[in-house]
Amino acid sequence: MDIWSDKRVKFVTHPLAKAILTNLRDRNTKQIEFRRGLVRLGIFLAYKIVEDFPVETTSVETPLGVKAIGVRIPDMDKVVIVQVLRASMPLVEGMIKIIPGARQGVVSARRVEELGMSTDKWFNIEIKYVKFPKINSDDNLIIADPMFATGSTAISVMSELLKRGAKPKRVILANVISTELAIKRFLEAYPEASVYTIDVDPELNDRGYIVPGLGDAGDRAFGE
Ligand code: URA
């Protein structure tokens with residue numbers, strides 16, 4: 001697949017989102033500003049996701065007693081956002097501002113870094129805590145994780161959610177920086193899913209960090 005033309009891959013192209021991301025990449029950006037930047041990028045990602053929700057025509061009566069034709073988005077109340085601890089917390093804080101009716105789940109997932117990254121760029125993922133509301137067949141499931149590096153975490157989280165009974169209508173991965181590898185892997189594993197991202201970086205280093213990337217998103221948002 002070609003990630004640049006595949007309809008399942010969506011890019012946030014707004015210049016302000018790009019500028020915020022550039023600031024996050026800067027090694028001199030301090031913790032509070034970094035965390036605030038992730039919140040703001042969550043807002044952009046949520047807007048982009050909602051853009052693709054189906055829209056229905058509706059009408060309301062204005063205070064002038066006149067009918068105004070408008071739209072409603074029925075799926076706004078059919079969203080479950082699962083945050084992958086801990087770096088996605090600020091991102092989800094931003095997303096919730098745009099999708100306030102979203103129900104929320106939490107998964108604690110950790111790369112088993114002691115084992116390192118395998119030669120085919122895969123990490124074993126230790127999942128410890130999983131709590132999420134019922135995910136029904138009319139729900140849009142959004143998995144939020146800012147750094148989509150190898151796809152190991154997202155694929156493991158998705159498989160855990162399905163194992164525990166999630167039956168979403170749509171699966172959406174929301175992230176800030178991806179690699180081609182992660183996008184391709186995730187969409188091969190879950191061909192019905194979509195990926196929303198702000199940027200795609202070219203490389204992974206031998207510790208599985210995205211290059212040029214922005215470093216460790218959790219450490220930078222919460223302190224080392
Ligand atoms: N997680 C991060 O925080 N940064 C990366 O580059 C990869 C995974």
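Whatever order the structure lists ligands and atoms in, that order sets their numbers, starting from 1. Everything numeric here is computed off the predicted structure, so don't read it as measured data. Throughout, residue positions are numbered sequentially from 1 according to the sequence presented.
- No donor-acceptor pair closer than 3.5 Å links the side chain of D139 to the backbone N or O of V80.
- The salt bridge (charged side-chain N to carboxylate O under 4.0 Å, His left out) contacts involving residues 180-195 comprise E180-K184, where partners must be two or more places apart or lie in separate chains.
- Evaluation of the side-chain hydrogen bond (donor to acceptor under 3.5 Å, both in side chains) test over residues 68-80, restricted to residues two or more places apart or in two chains, returns E56-R72, D75-N140, D75-K169, K78-D138.
- Judged by distance alone, with hydrogens and angles left aside, the side-chain atoms of R35 form no donor-acceptor pair with the main-chain N or O of M89 at under 3.5 Å.
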Atom pairs and distances, ligand 1 N/O vs protein N/O under 3.5 Å:
from     : atom 1 : to   : atom 2 : distance (Å)
ligand 1 : 3 (O)  : A217 : N      : 2.8
ligand 1 : 4 (N)  : G215 : O      : 2.8
ligand 1 : 6 (O)  : I210 : N      : 2.8

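- Within the structure, every pair that satisfies the ring-ring contact (aromatic ring centres under 6.0 Å, His included) test and touches residues 13-53, not counting sequence neighbours, is listed here: H14-F44.
- In this structure, R170 CZ and I49 CD1 are separated by 8.0 Å, a value rounded to the nearest 0.5 Å.
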